[in-house]
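Just so we're clear, the structure is a prediction, and the values are computed from it rather than from any experiment. One is the number of the first residue; the rest follow in order along the sequence.
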Amino acid sequence: MILITGRARVQSDQRDAALAAAAAMSAASEAEAGCLEYSFWTSSSDPNSILLLERWEDDDALMTHAAAPHMKAFIEAIVPTLDGGMEVLRHDVEKVGPLF
């Protein structure tokens, strides 16, 4: 499984636009083959910080996602809302199970 985590801070006056872009991206991405989860949240300590969690079955699904038209549309929509850059990290996971 592949996890993608991300975080970004948005301009306070652009928060609604950023959340709308995130909602559209989640809906389109979750309809893709191989997408196990695609969720955005806002930080409890900073309402202008947006957090991302993606879970993908495999690299093929992730690469197809990266080339999807809704990915380009999301980037075009989210970049003007940002207050700084975005940090997006890939995590290749070999084993998953309950914590306890």
State the CG-CG distance between Leu82 and Asn48, to the nearest 0.5 angstrom. 11.5 Å

Strictly by salt bridge (charged side-chain N to carboxylate O under 4.0 Å, His left out), give each pair with a member in residues 23-39 just once, sequence neighbours left out. Glu37-Arg55

Measure the CG-OG distance between Leu52 and Ser39 for me, rounded to the nearest 0.5 Å. 8.0 Å

Let me check something: do Met71 and Val79 share a hydrophobic cluster, defined by ILVMFWY side-chain heavy atoms less than 4.5 Å apart, either directly or through other members? yes

Could you see if Val96 belongs to whatever hydrophobic cluster contains Leu53? Use Ile, Leu, Val, Met, Phe, Trp, Tyr and a side-chain cutoff under 4.5 Å. yes

Which pairs count as ring-ring contact (aromatic ring centres under 6.0 Å, His included) when at least one residue sits in residues 74-100, sequence neighbours excluded? Phe40-Phe74

Quick check: closest heavy atoms across Ala33 and Ala61, and the distance to 0.1 Å? O-CB, 3.7 Å

Does Glu54 reach the side chain of Cys35, with side-chain heavy atoms less than 4.5 Å apart? no

Please output the side-chain donor-acceptor pairs of residues 16-29 that fall under 3.5 Å, not counting sequence neighbours, one pair per line with the distance.
residue, atom, partner, partner atom, Å
Ser26, OG, Ala22, O, 3.2
Ser26, OG, Tyr38, O, 3.2
Ser29, OG, Met25, O, 2.8

Residues at least two apart in sequence or cross-chain that pass side-chain contact (heavy atoms from CB on, under 4.5 Å) with Val88, listed by chain then number, are Ile4, Met86

Residues which pass side chain to side chain donor-acceptor pair (under 3.5 Å) with Thr42, listed by chain and number, not counting sequence neighbours: none

Report the residues that fulfil side chain to side chain donor-acceptor pair (under 3.5 Å) with Ser44, sequence neighbours left out, ordered by chain and then residue number. none

Checking the side chain of Gln11 only, and the main-chain atoms of Pro80 only, is there a donor and an acceptor separated by less than 3.5 Å? yes

Could you list all the salt bridge (charged side-chain N to carboxylate O under 4.0 Å, His left out) pairs where at least one residue sits in residues 77-91, not counting sequence neighbours? Arg7-Glu87, Arg9-Asp83, Asp59-Arg90, Arg90-Asp92

Measure the CG-CE distance between Leu62 and Met1 for me, rounded to the nearest 0.5 Å. 13.0 Å

